[in-house]
Amino acid sequence: MKRILSVFALAAFVSAAEGESFKSRFLQADFSYATERGIERSSPAFSAEFGMALGKGEFALGSQFSQDFLDFTARGFYFPRMKDSFEGGWKSAFGFGGTLHRQMQFGIAREDDFILDLVYRIQSERGFVLSLMLGGGLKSADVYAVSDDVGNLLDGSLELALDAGKKFACGAEAYFSWGCHSFYRYRLFFSPIYVFGIGYNFPGALRVSWETEVRITDQIITAPYVGSVIFRAAARYSF
């Protein structure tokens, strides 16, 4: 799996470069805690991410770990249609990309996810951003208790996501996302994840944020219920 992630990272980097210089890079550290509901484990988790925008490409790589699980995620997008300047107060971008994710739940199971998405993003001069994603995914799960009998379990799934945010002149920001996945959690359609967040961008390169992630189980077919609620604090340094 490490080799797969390395190849994916290199491919995303090369496809985005095209002789362009870095637009931005960031390092981020997170601490999160999940309420104990249903089958979700509630141990505190730590994570770290690196991301960059380069030419018409974007790439992010991260890992999350706790006493119960370990995650690796690599994600890349390429935007062949991108406006670099605002026209009428707005600019937009249309592109495509993919995500690789592995989660190891110690003593229970291993999951691998592969996602392909189309992305459309609009941004205003006043700091409002809206992003829409549509695609498909494949999940492979090895449940240790039954793996000798059934082998790997494979499932395909529709992928939907919506992200919206507003950055204010004072440096504060508010954001919301809704979709089938977050950076470290990839669920089958349709058990959505809602994220509500606030942040502050200090003069210079430091950003801090606080968010609440609500994971709903089976919102369409049966009576939906809250699978877990995650509280997360993060600090990001951009350069």
Taking side chain as C-beta onward, heavy atoms only, is [X] less than 4.5 Å from [Y]?
X	Y	answer
Gln64	Phe69	yes
Arg126	Lys167	no
Phe114	Asp112	no
Phe128	Gln123	no
Leu162	Ser131	no
Tyr175	Lys166	no

(message) Please determine whether salt bridge (charged side-chain N to carboxylate O under 4.0 Å, His left out) holds for the pair Glu58 and Arg121, giving the CA-CA distance in whole Å, both sets of side-chain angles, and the decisive distance to 0.1 Å.
(response) CA-CA 13 Å; Glu58 296 179 0; Arg121 182 185 300 159; 2.8 Å; yes

Using a distance-only test with no angle check, is there a side-chain donor-acceptor pair under 3.5 angstrom linking [X] and [Y]?
X	Y	value
Asn201	Glu173	yes
His101	Asp71	yes
Glu49	Tyr184	yes
Glu159	Tyr186	no

(request) Report the C-alpha separation of Glu211 and Phe196 in whole Å, then their side-chain angles, then the decisive distance to 0.1 Å, and conclude whether the side chain to side chain contact (heavy atoms under 4.5 Å, CB included) test is met. (result) CA-CA 6 Å; Glu211 62 186 39; Phe196 308 87; over 6 Å; no

(message) With a 3.5 Å distance limit and no angle check, can you tell me whether Thr35 reaches the backbone of Val229 through a side-chain donor-acceptor pair?
(response) yes

(request) List in chain and number order the residues that pass side-chain hydrogen bond (donor to acceptor under 3.5 Å, both in side chains) with Asp30, two or more places apart in sequence or in another chain; answer none if no residue qualifies. (result) Gln28, Ser47

(request) Given side chain to side chain contact (heavy atoms under 4.5 Å, CB included), test Leu27 with Phe239 step by step and report yes or no. (result) CA-CA 9 Å; Leu27 290 170; Phe239 56 101; 4.0 Å; yes

Are [X] and [Y] grouped together when hydrophobic residues (ILVMFWY) are joined by side-chain heavy atoms under 4.5 angstrom apart?
X	Y	value
Tyr120	Leu158	yes
Trp90	Phe168	no
Trp178	Leu132	yes
Met52	Tyr237	yes
Phe183	Val208	no

I need the minimum non-hydrogen distance between [X] and [Y], along with the two atoms involved.
X	Y	value
Ile216	Arg187	O-NH1, 2.9 Å
Phe26	Ser238	CB-OG, 3.9 Å
Tyr200	Ala172	CD1-N, 3.8 Å
Phe94	Leu118	CZ-CD2, 4.5 Å
Ala93	Phe79	CB-CD2, 3.7 Å
Ala233	Trp210	CB-CE3, 3.8 Å

(request) Nearest 0.5 Å please: distance from the CD1 atom of Ile115 over to the CG atom of Leu100. (result) 9.0 Å

(message) Could you measure the distance from the CD1 atom of Ile193 to the OG atom of Ser182? Nearest 0.5 Å is fine.
(response) 4.0 Å

(message) Run the ring pair (Phe, Tyr, Trp, His ring centres under 6.0 Å) test against Phe31 and tell me which residues pass, sequence neighbours left out.
(response) Phe46

(request) Decide ring pair (Phe, Tyr, Trp, His ring centres under 6.0 Å) for Tyr33 and Phe231; before the verdict, give the C-alpha distance in whole Å, the side-chain angles of both, and the deciding distance to 0.1 Å. (result) CA-CA 5 Å; Tyr33 183 82; Phe231 303 100; 7.9 Å; no

Tell me which donor-acceptor pairs under 3.5 Å the side chains of residues 141-157 have, and how far apart each pair is, sequence neighbours excluded?
from   : atom 1 : to     : atom 2 : distance (Å)
Ser147 : OG     : Tyr144 : O      : 3.3
Ser157 : OG     : Phe189 : N      : 2.8

(request) Quickly, which of Leu160, Asp117, Thr73, Asp113 forms a side-chain contact (heavy atoms from CB on, under 4.5 Å) with His181? Name it, please. (result) Asp117

(message) Between Lys91 and Glu87, does the salt bridge (charged side-chain N to carboxylate O under 4.0 Å, His left out) criterion hold? Intermediate values first, please.
(response) CA-CA 6 Å; Lys91 65 180 181 179; Glu87 297 180 7; over 6 Å; no

(request) Using the side chain to side chain contact (heavy atoms under 4.5 Å, CB included) rule, take Arg185 and Arg215 through it: C-alpha gap first, then chi angles, then the decisive distance, then the call. (result) CA-CA 10 Å; Arg185 178 55 63 94; Arg215 296 171 181 169; 3.3 Å; yes

(request) Begin from the C-alpha positions of Arg102 and Glu111 and carry the test salt bridge (charged side-chain N to carboxylate O under 4.0 Å, His left out) through to its verdict. (result) CA-CA 6 Å; Arg102 165 166 283 194; Glu111 291 185 2; over 6 Å; no

